[in-house]
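Let me begin by presenting the structure, written as structure tokens, before commenting on it.
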Amino acid sequence: MRWLLMFVTGLALMLSACGRMGAGERIAVVNWEKALEGHPQYMRLQSLKDEFSLLVDRRRQQEIVGKTSLSSLAKLQQLKLHSKQSYLSADFMTRMAEKQAAEQEQLKKLSNQYADEVDKELSGEENKLDERYKLRIFNLRLKLDTIRMMPEERAKLEQELKAVQAARERDRMLLMQHKMALVNQRMEPHVKEMQKRLDDYAREIQVRMMAELRQDAEKDGSAIQKAPEALKGVLDTVDQELDKRQQDIEMLETSVKKDVESIVTRLAKERGYTVVFHKYRTNVLADDITGDVISGLKKLELRAKAVGALSKKSSGADVQK
């Protein structure tokens with residue numbers, strides 16, 4: 001079967017295309033903008049664009065402020081200092097986040113180890129708990145299954161069985177709480193040690209950053225006559241960040257469009273559509289597949305999450321081994 005997929009947006013082009021179609025041709029239409037908005041990554045794409053626009057505005061404002069401040073070297077020095085402080089602050093947060101993640105991972109391993117130890121230590125208590133209720137529950141169920149009795153007696157016996165089962169669950173919950181308390185008790189000194197390491201690490205970074213700020217201030221004092229070059233350096237740094245963000249936006253936007261196009265292409269092949277319009281404004285009999293495209297995008301998201309979960313599970317299994 002001849003198969004042709006066309007995306008037509010202009011009315012004149014659409015009418016021309018329709019004039020060439022045969023009576024048996026199947027036509028579909030997809031609301032392209034709505035389909036893009038239905039992509040799981042669309043909100044992230046919009047957020048990146050908003051952040052990019054905000055950064056462009058800030059860059060423009062920074063350039064205006066810098067140029068008008070060239071007559072005031074003190075203001076230019078303050079601008080550079082502020083930019084450096086912002087950079088160091090972001091770097092500090094990144095380093096602390098990485099350090100904390102590593103510490104948390106170690107605590108998690110230790111917590112799992114203590115949990116296993118507590119389970120072994122209290123296995124006897126758990127067995128005793130089960131033995132304490134097993135015979136009572138067995139006898140009550142046996143009576144209900146084998147003895148013929150009046151409805152009132154059966155209801156009373158069933159109520160007694162529920163009460164015994166509820167008591168068993170309460171005891172199990174108490175035992176679980178006791179286990180958690182033991183684990184937390186053993187973890188407490190390790191948590192305190194971790195917090196101390198984080199505090200020491202934070203102070204170390206802060207001291208180093210303050211020394212770097214002082215060193216930069218001294219250099220600015222001797223090179224204040226190079227203010228235009230300094231301003232250019234600040235703007236170049238922002239421009240580099242803009243370039244990077246623009247690349248991220250373009251890559252994500254291309255990926256989103258490819259996903260939508262892939263699903264539209266697949267649906268066209270599966271259903272035998274010869275032409276798929278982005279949109280139309282005339283009386284053309286066409287199937288609206290926008291909803292099916294959005295459903296396909298959601299399935300892509302679910303598959304991606306499933307693959308991610310499987311990968312994490314596999315990594316966790318490797319760590320335990």
Can you hop from [X] to [Y] via hydrophobic side chains spaced under 4.5 Å?
X	Y	value
Leu174	Leu182	no
Leu302	Val293	no
Met149	Leu140	yes
Leu300	Leu45	yes
Ile263	Val260	yes

Using a 3.5 Å distance criterion without hydrogens, assess whether the side chain of [X] forms a donor-acceptor pair with backbone atoms of [Y].
X	Y	value
Thr290	Ala35	no
Thr265	Glu261	yes
Thr146	Leu142	yes
Ser123	Lys120	yes
Ser262	Lys258	no
Ser47	Met43	no

Determine, stepwise, if the pair Glu103 / Leu198 fulfils side chain to side chain contact (heavy atoms under 4.5 Å, CB included).
CA-CA 9 Å; Glu103 291 287 352; Leu198 288 175; 4.2 Å; yes

So, do [X] and [Y] sit near enough that their side-chain heavy atoms are less than 4.5 Å apart?
X	Y	answer
Lys269	Arg266	no
Phe277	Val30	no
Asp259	Leu297	yes
Arg172	Glu126	no

Could you tell me whether the side chains of Gln247 and Asp243 share a donor-acceptor contact shorter than 3.5 Å?
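No pair is found: no donor N or O on one side chain lies under 3.5 Å from an acceptor on the other.
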
Euclidean distance, [Y] [atom2] relative to [X] [atom1], rounded to 0.5 Å:
X	Y	atom1	atom2	result
Arg197	Glu204	CZ	CD	14.0 Å
Lys299	Ile294	NZ	CD1	13.5 Å
Lys109	Gln113	NZ	CD	11.0 Å
Leu175	Glu125	CG	CD	7.0 Å
Arg60	Leu235	CZ	CG	12.5 Å
Leu252	Lys257	CG	NZ	11.0 Å

So, [X] and [Y], do they make that salt bridge, N to O below 4.0 Å?
X	Y	result
Arg271	Asp292	yes
Lys196	Asp200	yes
Asp130	Arg168	no

For side chain to side chain contact (heavy atoms under 4.5 Å, CB included), just list the numbers for Gln195 and Lys192, CA-CA rounded to whole Å, side-chain angles, deciding distance to a tenth of an Å, and then say yes or no.
CA-CA 5 Å; Gln195 189 58 54; Lys192 290 181 179 179; 5.7 Å; no

Taking it one step at a time, do Glu121 and Lys179 satisfy salt bridge (charged side-chain N to carboxylate O under 4.0 Å, His left out)?
CA-CA 10 Å; Glu121 293 172 6; Lys179 288 181 178 181; over 6 Å; no

Can you list the steps and then say if Arg208 with Glu212 is a salt bridge (charged side-chain N to carboxylate O under 4.0 Å, His left out)?
CA-CA 6 Å; Arg208 189 163 60 245; Glu212 187 174 346; over 6 Å; no

Suppose the criterion is salt bridge (charged side-chain N to carboxylate O under 4.0 Å, His left out): which pairs have a residue in residues 29-39, not counting sequence neighbours?
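Every candidate salt bridge (charged side-chain N to carboxylate O under 4.0 Å, His left out) pair involving residues 29-39 fails, so no pair, neighbours aside, qualifies.
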
So salt bridge (charged side-chain N to carboxylate O under 4.0 Å, His left out) across residues 131-146, not counting sequence neighbours, yields Glu131-Lys134, Arg132-Asp171

Could you give me the CA-CA distance, side-chain angles and deciding distance for Glu253 and Val256, then say whether side chain to side chain contact (heavy atoms under 4.5 Å, CB included) is met?
CA-CA 5 Å; Glu253 195 166 31; Val256 169; 5.7 Å; no

Side-chain donor/acceptor pairs under 3.5 Å, residues 89-97, sequence neighbours excluded:
from  : atom 1 : to    : atom 2 : distance (Å)
Asp91 : OD2    : Arg95 : NE     : 2.8
Thr94 : OG1    : Ala90 : O      : 3.0

Pairs meeting criterion ring pair (Phe, Tyr, Trp, His ring centres under 6.0 Å) with involvement of residues 141-179, two or more places apart:
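Ring pair (Phe, Tyr, Trp, His ring centres under 6.0 Å) check on residues 141-179 returns no pairs.
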
Scan for ring pair (Phe, Tyr, Trp, His ring centres under 6.0 Å) pairs involving residues 123-157, sequence neighbours excluded, and state none if there are none.
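For residues 123-157: none.
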
Met180, CE: over 12 other non-hydrogen atoms inside 6.0 angstrom
no

Tyr114 vs His190, test: side chain to side chain contact (heavy atoms under 4.5 Å, CB included). Steps then yes/no.
CA-CA 12 Å; Tyr114 282 141; His190 298 287; 2.9 Å; yes

Can you classify the ring geometry of Trp32 versus His278 as parallel (below 30°), tilted (30 to 60°) or perpendicular (above 60°)?
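Because their plane-to-plane angle is under 30°, the rings of Trp32 and His278 count as parallel.
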
Decide yes or no on salt bridge (charged side-chain N to carboxylate O under 4.0 Å, His left out) for Asp248 and Lys244, but give the supporting numbers first.
CA-CA 6 Å; Asp248 293 341; Lys244 180 180 179 301; 3.4 Å; yes

Could you list the donor-acceptor pairs under 3.5 angstrom formed between side-chain atoms of residues 152-167 and any protein atom two or more places apart in sequence or on another chain?
from   : atom 1 : to     : atom 2 : distance (Å)
Glu153 : OE1    : Met150 : N      : 3.4
Arg154 : NH1    : Leu144 : O      : 3.1
Arg154 : NH2    : Leu144 : O      : 3.0

Worked verdict on Gln240 versus Asp236 for side-chain hydrogen bond (donor to acceptor under 3.5 Å, both in side chains)
CA-CA 6 Å; Gln240 291 175 7; Asp236 286 346; over 6 Å; no

